Amino acid sequence: MRFTKMLIPTVRETPSEATAESHKLMLRAGYVRQLAAGLYIYLPLGWRVLSRINRILREEMDAIGAQEVSMPVLQPAEVWQQTGRWFDIKEEMFRLKDRGGRDMCLGMTHEETMTWLASREIRSYRQLPQVWYQIQTKLRDEARPKSGILRTREFLMKDSYSFDASAEGLEKSYKLHEDAYHRIFARCGLKFRQVESDTGMMGGAVAHEFMAPSPSGEDDIVFCAACGYQANSEIADSAPRALKPKPGGEEPYSDVHTPEKRTVEEVGRFLKEPAERFIKSILLIAAEGPVLALLRGDLQLHEKKLQRLIGPFRAAGKPEVADILGVEAGFIGPMGHDGVKIVADPVLKTGSYITGANRPHYHKRGVRADAHFRADWHDIHVAAKGDGCPRCGSALAVEKAIEIGNIFQLGTKYSAALNAVFLNESGNEEPLIMGSYGIGPARIAAAVIEQSHDKDGIIWPEAIAPFDVEVIPLAGDDPEVENAARVIYGELVRNGIEALIDDRDLRAGVKLKDADLIGIPKQIIVGQRNLREGLVELKDRRTRESRLIRPGETQDALKPRE
RNA sequence: CGGGGCGUAGCGCAGUCCGGCUAGCGCACCUGCUUUGGGAGCAGGGGGUCGGAGGUUCAAAUCCUCUCGCCCCGACCA
């Protein structure tokens, strides 16, 4: 491809709205343009990258026996009403009516339509398993699109769905996807981790996410270098560091005067005690009534973990605290609130603590679980760096990551709702057992850039670069240089190498800067100086190492991909 | 949805507090000459409903009201 025939609008200055590194570079290097919040145009270079990623996706999905199909983006409300998600999902679903007044929506995922298809076409266990996938646009009216193409309202997604006759079959389909995902992300040149994840509103029992570590990521992942435990912080267990035993043994259960000292920090400073000697009591209002959450003073409440236990909740206001617990906020303790459900983090099972005395301006010392309060024990704290691994006890690490893929064991949630059943060997009707598996190609591209760039631009891995090599003639008005470059370019193309030739009539510096920005992994630089010696320069974008070769050797120097 | 920031030429910005010549600068773009291995120099030139609407005023990019859009933090994220 010739540079002058291709729309590659590079810009020197970074548009001010971009903050994520991948976003800045994709704009500057002419890969994407923004139409509106969360809506992006993929320019020729960007689209080539996505196409290459999608080709890898197809190869690996086909290799595990998955079959590509195409589903409507516009969907009738009925199937979504049958699974209940028409009502569960709120503003995030784009809804509209057709001219006949029928409720419709734009597909944000395709469990419903895939299951609908299965309900009509699958009859017998003999047809199973089936795995269907598509690479298609999804639409979600995101509350907050952000970070360039990392979180958009319209995005491409590879989603596949497995249908099995048994739990063992689902396990097998799940494992096939797991392995395929490892190959896909490795081929794309990503550093990634597979972590245990929340099943969320997808339902089902088992789920994993594939995470690419990056400071632009929206998720925190927790992992143990010693035993390999890896989980999204939304579900990660951890053992917070243990308390040092109080010198002088157990404190007696006693009141202490703490005038006007309400927060753990204030009381801690006043009593000269560290935060971990406190019980933090947080009153929340759930659908079924008030819940008192108890944590050690140095730990953070993990709202997602608690929500899984008690459903959606909100913080209680000051008047509600006084009303429900009979004491001003700031002096709450877990003792003696018989009518209120109490959920406590297990770290509080041992040791004695300081907490509110349930009367203004007083706290209690020597408060111990069971002796002074009872609770339901559940892990509700945020796992932090340095906490103990739940499996082996070693110190955990935490890092930010971009979710690039996920896999769910759905079970029969959708098949039961849509009556997608089959006859088993005994002739009995059973619901299909499903899994669903997603990958975001644009997120792969962005995550790769996040992980692979330098101050001058993008550094593409060979497998997903928009071109294999860029031929850069310098001094374009020298016919010999121009001719030599054209010959090299023609040879490369004939040998099946995807090449871009920068045939623009521009100064050397501009072309070289643009080449680094665009990030094609190999550059062949043709200049007067070297050409006089019968040589051209082959340069590696990543290492910046270059060597001089003869123009006729370029095809050999660049092995064709794969 | 809560909090914050920003809308002035294609891009990056100044000017806005404290109203007042024809709205400016850099990059990009066009013409000419010179230059040509890491974002060239000189000279000339084109390009603006100052996000939009209403208001105050002799006079509004600037003050007031409303509104739209974009970004960031949080909530949300099937």
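Computed from a predicted structure; not experimentally measured. Here is how names work: the chains are called A, B, and so on, in the same order as the sequence lines, proteins then strands, and each is numbered from 1. For the numbers below, each heavy atom of this structure counts, side chains included, while hydrogens, waters and symmetry mates do not.
- Under 3.5 Å, the side chains of A/Asn419 and A/Ser119 contain no donor-acceptor pair of N or O atoms.
- Straight-line distance between the C1' atoms of B/G55 and B/G39: roughly 48 Å, to the nearest whole Å.
- Nucleotide B/A75 is matched to nothing when pairs are restricted to Watson-Crick or G-U wobble geometry with both distances under 3.5 angstrom.
- Taking atom C1' on both nucleotides, B/C13 is separated from B/A23 by 14 Å, rounded to a whole Å.
- For the C1' atoms, the distance from B/U49 to B/G44 is 29 Å, rounded to whole Å.
- For A/Asp198 and A/Lys304, the salt-bridge test fails: no basic side-chain N is under 4.0 Å from an acidic carboxylate O.
- The side chain to side chain contact (heavy atoms under 4.5 Å, CB included) with A/Val448 is formed by just one residue from the set A/Ile404, A/Ile458, A/Leu190; it is A/Leu190.
- When only modelled atom types and interatomic distance are considered, A/Asn232 and A/Ser197 share no side-chain donor-acceptor pair under 3.5 Å.
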How would nucleotides 67-73 of chain B be written as a contact map, 5' to 3', with B for base contact, S for sugar-phosphate-only contact and - for no contact, using protein heavy atoms under 4.0 Å?
---SSBB

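- A straight line from CD of A/Gln528 to C1' of B/U36 spans 8 Å, rounded to a whole angstrom.
- Under 4.0 Å is where a charged nitrogen must lie from a carboxylate oxygen, and between A/Arg193 and A/Glu399 at least one such pair does.
- Checked by atom type and distance alone, the side chain of A/Asp379 pairs as donor or acceptor with a backbone atom of A/His381 at under 3.5 Å.
- Between the side chain of A/Lys539 and the base of B/G38 there is at least one donor-acceptor pair of N/O atoms closer than 3.5 Å.
- Across all strands shown, B/C42 forms a Watson-Crick or G-U wobble pair with B/G32, both key distances being under 3.5 Å.
- Atom NZ of A/Lys511 and atom C1' of B/A40 are 15 Å apart (whole Å).
- One interatomic measurement links the two molecules: CG of A/Asp514 to P of B/G39, which rounds to 12 Å at whole-angstrom precision.
- To the nearest whole angstrom, the two P atoms, one in B/U22 and one in B/G69, are 35 Å apart.
- Nucleotides B/U67 and B/A75 place their C1' atoms 25 Å apart, quoted to the nearest Å.
- Nearest-nucleotide assignment on RNA chain B puts the 5′-proximal partner with A/Ala508, out of A/Glu92 and A/Ala508.
- A gap of 30 Å separates the C1' atoms of B/G41 and B/U8, to the nearest Å.
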Do A/Lys400 and A/Asp219 pass the salt bridge (Lys or Arg N to Asp or Glu O under 4.0 Å) test, and can you show the C-alpha distance, the side-chain angles, and the key distance before you say yes or no?
CA-CA 6 Å; A/Lys400 290 226 168 290; A/Asp219 290 86; over 6 Å; no

What string of B, S and - do you get for nucleotides 26-34 of chain B, 5' to 3', if B is base contact, S is sugar-phosphate-only contact and - is no contact with any protein heavy atom under 4.0 Å?
BSS------

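- When the C1' atom is compared between B/C6 and B/A14, the two are found 15 Å apart, to the nearest whole Å.
- Side chains of A/Thr152 and A/Tyr40: a donor-acceptor N/O pair is absent below 3.5 angstrom, by distance only.
- Within the shown strands, B/G69 is the pairing partner of B/C6 under the Watson-Crick or G-U definition, both distances less than 3.5 Å.
- Ion pair A/Arg85/A/Glu112 flagged as a salt bridge, since at least one NZ, NE, NH1 or NH2 atom sits closer than 4.0 Å to an Asp/Glu carboxylate oxygen.
- Taking side-chain N and O atoms only, A/Arg507 has a distance below 4.0 Å to OP1 or OP2 of B/A40.
- Base pairing of B/C21 is not made with any nucleotide, judged by Watson-Crick or G-U wobble geometry with both donor-acceptor distances under 3.5 Å.
- Base pairing of B/A60 is not made with any nucleotide, judged by Watson-Crick or G-U wobble geometry with both donor-acceptor distances under 3.5 Å.
- With rounding to whole Å, A/Gln523 atom CD is found 14 Å from B/G38 atom P.
- To the nearest angstrom, P of B/A75 lies 7 Å from CD of A/Glu303.
- Atom pair A/Asp502:CG and B/G39:C1' shows a separation of 13 Å (rounding to whole Å applied).
- Computed from coordinates, the A/Arg532 CZ to B/G37 P distance equals 10 Å when rounded to whole Å.
- Rounded to a whole angstrom, the distance from the P atom of B/C25 to that of B/U65 is 33 Å.
- Between the A/Lys511 side chain and the A/Pro473 main chain, a donor and an acceptor come within less than 3.5 Å of each other.
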Could you walk me through whether A/Asp456 and A/Arg544 pass the salt bridge (Lys or Arg N to Asp or Glu O under 4.0 Å) check?
CA-CA 11 Å; A/Asp456 291 313; A/Arg544 294 180 187 277; 2.6 Å; yes

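- Pair assignment for B/G47 gives none, since no Watson-Crick or G-U wobble pairing has each distance under 3.5 Å.
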